[in-house]
Amino acid sequence: MDINQKSEGEFIFKPRARLIKTIGEELISNDQVAIVELVKNSYDAESPIVDITFSGNVEEKQEGKKINKYLKKENATLLIYDQGNGMDFSTITSAWMEPATNFKKKSENQNKIRKFTGEKGIGRFASAKLASKLELVTKQANSDEEIVVNFNWDDFSDEEKYLDNIKVRWKTRKATEIKEKGTILKLSGLNNDWDEDKIRELRVTLSRLLNPIVPVEDFLISISLPKELDKNLDGTIERPETLNKPDYLIKGRIDKLGRPSNIIYYSKNIGKEESLLFNDKDFLLKDQPRVSTSGAFDFEFRIWNRDDLNKLSKEVNSTVKNVKKDLDDLSGISIYRDNVRVLPYGNKNNDWPRLDIRRVNNPTLRLSNNQIVGYISIGLLSNPNLKDQSNREGIVEGQALEDVKELIKLILNEVEQRRYSERPRENDRGKVSQESLFEKFSLKSISTLVKEKLPENKIIIEAVEKKDVEIKESITKVQEVISRYRRLTTLGQLIDAVVHDGGNYLNKIDLQANLITKSLRKKEIDKTELLEYVSNIQALRKDFAQLFRRVEPFGGRKRGRPKNVIIEDIIKNQFSLYHLDLERLNIKHSISDTKNEVTIDEAELGIIFMNLIQNSIHWLEHIDNERNIIVNVSKPSSDQLEVYFSDNGPGIKEGTENTIFDPYFSTKPDGIGLGLSIVGELISEYDGDFMLVNNGDLDGANFKLIFRYRI
């Protein structure tokens, strides 16, 4: 047609035949996932069981020292048989023969027993991923005939043909292969070999298809293999006994607002389940006040201490190696939508909530991905914001999924705190010990003992005293190094504030400089105007210099004896560095108008109050009423200075009063747990105390700091 003869019109898509194979190859990531998609169809068909049968020639190949057996793809077949409802001719026409069909979405086709696991109409492409030929045999209960459809996926590889040029042959015949009802998928001309490792991975994937913790009793999956292959890979897929013996367990529900309900906690050490109750301040998402966008979901996490599995192996009558393998195969947190797994969450090494990174930052407290076998149960209707990606492998990234990740950490944080408190420790304490970290590195007691028992032995006495002096000198050097590292670490935390404020000052200076340039280009130069701009730049330079003076004490260079400073000024400087967060959250703060001079290292004072301010900002973000911090400084005697630091946040969680000062213990879901420990250690170096008190100025967290040295 001559385009000039027509001014407008319409086009239609003419898909090439290779679209079918392209979809199968691109959307289905591997053979195991392809089989899972076909098994899902059997589940949707209300089948009580699915039999997966591999047949063909088994060969061996040497791989290092190991001999690996595998099913050779040539002349091999894969048969998937279910006893579901089967399909009639109209279903095949409207469902199987319509890519991206909406068949399962229509109300008249809704499953009466199970929620459909698929609704995008792409599952059949999985067979094209697995093999070049497919024979589909299906029969319904009310029919004496079975329908046979033959697909040759190689026909769809012809780049010259369009999709509507490919013919798929069908026929009906007297039922011979299916007695009652169901569907058989016969795949031949397999695209890949299947070795024992690949089949083992398939078993693990299928074992997680339906929730292994709360299995669906009316749906079984069985695999049949040639006799030459490992017999342990043959038979019905069942969950290992290991899963029934966790060290810890937490389960319950998160409601649509993101609040926990019906939470049950179990510890093997305690030996019984207990209900956990939460108030409004105990379990909060970031950026409150807001509710979760993920929707309500049920969950259960089972947790093991993997450093000692001997006892567990005896409990399940197995070996430590097999118990580790069970946990390796099934560890991770899976997502199940209407009881069927959403891939790839929970796959081996798929740490989608990023628990391992969290553990690297705090290995003492945090749980790793391989210690947990857990699930989250969502629904198509109850969680509309958690939508499947088009390839059926994952949920669309967004705020709803981020909220799920954060809620997982909040749940695990409850277990981690209780698990930590159950561990044996040297002593429980309500305040940080007055002993410095280095107090025990002394030979003073041994020197005294030697003088008492061996007063005549001058050589031993001198040797002990000399070694004691050497140890003290070494400790001094170590303390200097640690002090520098503390400063550098703190400086790193302040970089964002410095960069932001510094950028603002530079922008303001640039503006004044541009105004000067513009003024100088005028025919008549106004000196008064220029002097004003220069004066503005000089004022900005002073403010800029003040910013660096606040940060300077945190530099890593070695310092001499601390100079006299006003402690209230140091505290004000620390609040100034966090002015952006304080303004953003509308946090009011007040500092007593006293002026107490101390001879304490300015950087160390800064580190102390920086950690306290950071903690308060974090927890105050979780409340939606007026936010306040009050700092009171007093000097009750000439040799003692006291600071009360209070906020009106959620306060210290009940049951953690004796552990919050321990290194690496934190009630923050992503906390490292060093802040309060560092504060306590620094205060101890000034012969002081750091403690939690009940009678503070506000009703949140109240700390009392006492300094006795250099005050």
Side-chain angles (χ1 to χ4, degrees), residues 207-208 210-217 238-255 259-278 282-283 296-318 320 322-336 339 341 345-346 351-353 355-356 358-359 365-378 404-424 653 655-656 667 669:
S207 73
R208 302 185 73 155
L210 301 180
N211 198 327
I213 294 177
V214 187
V216 179
E217 301 296 344
E238 298 175 334
R239 72 177 185 180
E241 180 63 17
T242 303
L243 292 192
N244 296 325
K245 304 286 186 179
D247 293 319
Y248 307 92
L249 175 150
I250 189 167
K251 63 182 178 180
R253 181 170 179 80
I254 300 295
D255 66 23
R259 300 292 303 153
S261 62
N262 301 320
I263 306 299
I264 301 296
Y265 171 74
Y266 166 82
S267 166
K268 189 180 286 186
N269 292 330
I270 298 172
K272 63 178 182 179
E273 292 185 348
E274 60 177 304
S275 296
L276 302 184
L277 300 176
F278 299 89
D282 280 343
F283 201 95
F297 60 83
D298 295 314
F299 69 88
E300 182 171 337
F301 301 147
R302 299 188 180 193
I303 297 156
W304 287 262
N305 294 321
R306 293 192 57 147
D307 50 358
D308 183 11
L309 296 175
N310 287 300
K311 186 176 179 181
L312 177 59
S313 65
K314 292 174 182 176
E315 287 181 33
V316 299
N317 194 26
S318 183
V320 171
N322 286 339
V323 167
K324 282 183 178 179
K325 187 177 181 307
D326 290 340
L327 295 179
D328 287 341
D329 287 342
L330 296 174
S331 63
I333 297 175
S334 302
I335 297 179
Y336 292 86
N339 293 326
R341 187 172 167 218
Y345 308 109
D351 180 25
W352 61 279
L355 301 181
D356 289 341
R358 186 168 167 267
R359 179 175 167 81
L365 180 65
R366 301 306 179 195
L367 293 164
S368 60
N369 191 59
N370 72 349
Q371 290 179 267
I372 304 167
V373 176
Y375 76 88
I376 286 173
S377 179
I378 63 176
V404 171
K405 294 176 184 178
E406 189 177 345
L407 287 164
I408 286 173
K409 292 171 185 175
L410 285 167
I411 294 165
L412 291 177
N413 191 42
E414 296 300 322
V415 180
E416 289 163 342
Q417 292 177 47
R418 288 167 172 78
R419 176 172 171 259
Y420 180 90
S421 66
E422 290 176 19
R423 292 180 176 180
K653 189 173 180 180
T656 65
T667 55

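Just so it is clear, the structure is predicted and the values come from calculations on it, not from any experiment.
Within the 4.5 Å cutoff, the side chain of Ile264 has no heavy atoms near those of the Ile250 side chain. The side-chain heavy atoms of Tyr375 and Ile335, taken from C-beta on, include no pair separated by under 4.5 Å. Taking the side chain as every heavy atom from C-beta outward, Ser313 and Thr242 never approach each other to under 4.5 Å. Using a 4.5 Å heavy-atom cutoff, the side chains of Ile254 and Leu410 are not in contact. Leu312 is listed as a side-chain neighbour of Trp304, based on a closest heavy-atom distance under 4.5 Å. The side-chain heavy atoms of Glu414 and Arg419, taken from C-beta on, include no pair separated by under 4.5 Å. For the pair Pro669 and Glu406, the minimum side-chain heavy-atom distance is 4.5 Å or more. Contact of the Lys245 side chain with the Val316 side chain is registered, since non-hydrogen atoms from C-beta on lie closer than 4.5 Å.
Asp351 meets the side-chain contact (heavy atoms from CB on, under 4.5 Å) test with Pro353, Leu355, Asp356, Asn369; sequence neighbours excluded. Remark: Tyr266 engages no residue in a ring-ring contact (aromatic ring centres under 6.0 Å, His included) (not counting sequence neighbours). Shown here are the ring-ring contact (aromatic ring centres under 6.0 Å, His included) partners of Tyr265, two or more places apart in sequence or in another chain: there are none.
Within a 6.0 Å radius of NZ in Lys409, more than 12 heavy atoms belonging to other residues, nucleotides or ligands are found. Heavy-atom neighbours of Lys405 NZ from other residues, nucleotides or ligands within 6.0 Å: above the threshold of 12. Counting non-hydrogen atoms of other residues, nucleotides and ligands closer than 6.0 Å to CG of Asn269 gives a total above 12.
Here the CD atom belonging to Glu416 is positioned 11.5 Å from the OG1 atom belonging to Thr667, to the nearest 0.5 angstrom. To the nearest 0.5 Å, the span separating CZ on Arg341 from OG on Ser207 amounts to 8.0 Å. Within the model, atoms CZ of Arg418 and OG1 of Thr656 stand 10.0 Å from one another, a figure rounded to the nearest 0.5 Å. Atom-to-atom distance recorded for Asn413:CG and Leu367:CG is 10.0 Å, nearest 0.5 angstrom. The distance from the CZ atom of Arg366 to the CD atom of Gln371 is 12.5 Å, given to the nearest 0.5 Å. Once rounded to the nearest 0.5 Å, the distance linking CD1 of Ile372 with CD1 of Ile408 reads 9.0 Å.
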Criterion side chain to side chain contact (heavy atoms under 4.5 Å, CB included) on Phe297 and Ser377, from CA distance to verdict: CA-CA 6 Å; Phe297 60 83; Ser377 179; 5.8 Å; no
Side chain to side chain contact (heavy atoms under 4.5 Å, CB included) between Arg208 and Leu330, worked out: CA-CA 7 Å; Arg208 302 185 73 155; Leu330 296 174; 3.5 Å; yes
Verdict with supporting geometry, Glu274 and Lys272, salt bridge (charged side-chain N to carboxylate O under 4.0 Å, His left out): CA-CA 7 Å; Glu274 60 177 304; Lys272 63 178 182 179; over 6 Å; no
Side chain to side chain contact (heavy atoms under 4.5 Å, CB included) evaluation trace for Phe301 with Val415: CA-CA 10 Å; Phe301 301 147; Val415 180; over 6 Å; no
Verdict with supporting geometry, Lys324 and Asn322, side chain to side chain contact (heavy atoms under 4.5 Å, CB included): CA-CA 5 Å; Lys324 282 183 178 179; Asn322 286 339; over 6 Å; no
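Taking every heavy atom of both residues into account, Gly346 and Ser334 meet most closely at CA-OG, 3.8 Å. Scanning both residues, Ile333 and Trp352, for their nearest heavy atoms gives O-NE1, 2.7 Å.
Considering Asp247, Asp326, Asp328 as possible partners of Arg306, the one that fulfils the salt bridge (Lys or Arg N to Asp or Glu O under 4.0 Å) test is Asp328.
The pair Glu315-Lys268 counts as a salt bridge, with a side-chain nitrogen and a carboxylate oxygen less than 4.0 angstrom apart.
Using modelled atom types, one finds no donor on one side chain facing an acceptor on the other under 3.5 Å when comparing Ser261 with Arg253. Looking only at atom types and distance, the side chain of Asp307 has no donor-acceptor partner in the side chain of Asn305 under 3.5 Å away.
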